[in-house]
Amino acid sequence: MEYFPPALEALVEQFARLPGVGKKSAQRLAFFVLGLPDEEARAFADAIVSAKGSIALCPVCRNFTEGEGPCPICASSKRDESTICVVADPKDVVALERSREYAGRYHVLHGVISPMNHVGPDDLHIKELLDRVSTGDIREVIMATNPTTEGEATAMYLSRLLKPFGVRVTRLAYGVPVGGQLEFADDATLGRALEGRREM
């Protein structure tokens, strides 16, 4: 027995396709959208259509940008052009920018190497990274992929590809979080913290 009209079922199904959204959350979102005034619902739908139509990949770093030109980070003359921070997804750029500690450029791979998910090197924006480094203006490439098996494998694969270019390849340090307690840290985290220690 169907509980909802077909149009509502279709809306719930679309929300359920979003990452991290289960069936119940999808139903709540669908009911929320149906409860919006017509103008707000139309503005919501228009924002999705507009974003899909106008957002593209930056021709330099492959981050999201509007139009065909470079993204604001690549277009900025205040950024250090000799350093590239390699991340898996555009959301990682946002996370690093929040820290206000990094002033270089980025390169977004749009994924990590994952044989289990049928994602190989050719599915990522690796060639574009190598093209950027081959110009000779890059001094350091920072690997900022997640500390997962796939993220580590991707970082190792890229470091081997970059070695012939003579650039410095570094990896983000991982370890005990600020405000964390050693007794609650797992063995792998403590091991990484010891490996990444630095002088004070």
Side-chain angles (χ1 to χ4, degrees), residues 14 17-21 46-175 188 192 195-196:
Q14 291 304 314
R17 292 177 63 190
L18 297 173
V21 177
D46 289 345
I48 294 173
V49 173
S50 174
K52 279 299 290 176
S54 64
I55 302 297
L57 296 184
C58 171
V60 180
C61 71
R62 298 304 188 237
N63 193 10
F64 289 137
T65 188
E66 197 158 355
E68 297 177 10
C71 69
I73 293 173
C74 289
S76 172
S77 59
K78 296 177 181 175
R79 306 296 293 220
D80 178 7
E81 296 181 27
S82 67
T83 307
I84 296 177
C85 183
V86 178
V87 296
D89 297 298
K91 63 180 179 257
D92 299 329
V93 173
V94 175
L96 285 163
E97 284 296 291
R98 274 198 319 259
S99 75
R100 300 182 189 275
E101 293 292 326
Y102 178 67
R105 303 284 175 91
Y106 292 93
H107 189 84
V108 183
L109 297 172
H110 288 273
V112 289
I113 296 169
S114 176
M116 296 281 289
N117 296 316
H118 308 290
V119 179
D122 294 338
D123 299 312
L124 308 176
H125 292 279
I126 294 173
K127 182 187 178 305
E128 294 88 342
L129 173 64
L130 299 178
D131 289 344
R132 290 177 71 186
V133 175
S134 69
T135 63
D137 298 331
I138 308 300
R139 289 199 310 267
E140 181 181 6
V141 177
I142 303 167
M143 295 297 157
T145 53
N146 288 327
T148 60
T149 305
E150 293 88 355
E152 293 289 342
T154 304
M156 291 300 295
Y157 177 80
L158 289 175
S159 67
R160 284 196 300 269
L161 290 179
L162 292 167
K163 215 169 242 353
F165 294 103
V167 296
R168 181 175 180 227
V169 180
T170 58
R171 184 83 169 108
L172 283 187
Y174 298 106
R192 281 304 186 88
E195 285 174 21

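From a predicted model like this one, the values you see are computed outputs, not experimental measurements.
- With sequence neighbours excluded, the residues forming a salt bridge (Lys or Arg N to Asp or Glu O under 4.0 Å) with Lys91 are Asp89, listed by chain and number.
- Counted within 6.0 Å of CD on Glu152, heavy atoms from surrounding residues, nucleotides or ligands total more than 12; the atom is thus considered enclosed.
- The side-chain hydrogen bond (donor to acceptor under 3.5 Å, both in side chains) test applied to Ser134 returns no partner, not counting sequence neighbours.
- Across all non-hydrogen atoms, the minimal contact from Val60 to Pro70 is CG2-CB, 4.4 Å.
- The distance from atom CD1 of Ile55 to atom OG1 of Thr65, rounded to the nearest 0.5 Å, is 7.5 Å.
- The salt bridge (Lys or Arg N to Asp or Glu O under 4.0 Å) search around Arg139 returns none, not counting sequence neighbours.
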**Prompt:** side chain to side chain contact (heavy atoms under 4.5 Å, CB included) between Leu124 and Val119: does it pass, once the steps are laid out?
**Reply:** CA-CA 8 Å; Leu124 308 176; Val119 179; 3.9 Å; yes
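- Under the 3.5 Å distance criterion, the side-chain polar atoms of Arg105 are left unmatched by any main-chain donor or acceptor of Glu81.
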**Request:** For side chain to side chain contact (heavy atoms under 4.5 Å, CB included), just list the numbers for Val169 and Lys163, CA-CA rounded to whole Å, side-chain angles, deciding distance to a tenth of an Å, and then say yes or no.
**Result:** CA-CA 8 Å; Val169 180; Lys163 215 169 242 353; over 6 Å; no
**Message:** I'd like to know whether Leu158 forms a side chain to side chain contact (heavy atoms under 4.5 Å, CB included) with Leu109, so could you lay out the CA-CA distance, the side-chain angles of the two residues, the decisive distance to 0.1 Å, and finally the verdict.
**Reply:** CA-CA 11 Å; Leu158 289 175; Leu109 297 172; 3.9 Å; yes
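- Between the side chain of Arg100 and the main chain of Glu97, no donor-acceptor pair closer than 3.5 Å is present.
- Between the side chain of Thr154 and the backbone N or O of Glu150, at least one donor-acceptor pair lies under 3.5 Å.
- In this view, Ala144 and Cys85, Val87, Leu96, Leu172 satisfy the side-chain contact (heavy atoms from CB on, under 4.5 Å) rule, not counting sequence neighbours.
- At least one side-chain heavy atom of Leu129 sits less than 4.5 Å from a side-chain heavy atom of Ile84.
- Atoms CZ and SG, from Arg79 and Cys61 in turn, are 10.0 Å apart once rounded to the nearest 0.5 Å.
- A search for side-chain contact (heavy atoms from CB on, under 4.5 Å) contacts involving Thr135 returns Asp137, not counting sequence neighbours.
- For Glu140, the side-chain contact (heavy atoms from CB on, under 4.5 Å) criterion is met by Thr83, Ile142, Arg168, Thr170, not counting sequence neighbours.
- Residues passing the side-chain hydrogen bond (donor to acceptor under 3.5 Å, both in side chains) test with Asp122, sequence neighbours excluded: none.
- Here ring pair (Phe, Tyr, Trp, His ring centres under 6.0 Å) pairs that include residues 121-148, with residues two or more places apart or in two chains, are His110-His125.
- Heavy-atom minimum distance, Gly69 versus Pro59: O-CD, 3.5 Å.
- The stretch residues 130-156 participates, sequence neighbours left out, in no ring pair (Phe, Tyr, Trp, His ring centres under 6.0 Å) pair at all.
- Partners of Leu130 by side-chain contact (heavy atoms from CB on, under 4.5 Å), not counting sequence neighbours, listed by chain and number: Ile126, Leu161, Leu162, Phe165.
- For residues 85-109, every residue pair satisfying the ring pair (Phe, Tyr, Trp, His ring centres under 6.0 Å) rule, not counting sequence neighbours, is listed here: Tyr102-Tyr106.
- Residue pairs meeting the ring pair (Phe, Tyr, Trp, His ring centres under 6.0 Å) criterion with at least one partner in residues 134-161, sequence neighbours excluded, are absent.
- Looking at every heavy atom in both residues, Val167 comes nearest to Ile138 through CG1-O, 3.2 Å.
- The two atoms that bring Ile113 and Gly120 nearest to each other are CG1-C, 4.5 Å, heavy atoms only.
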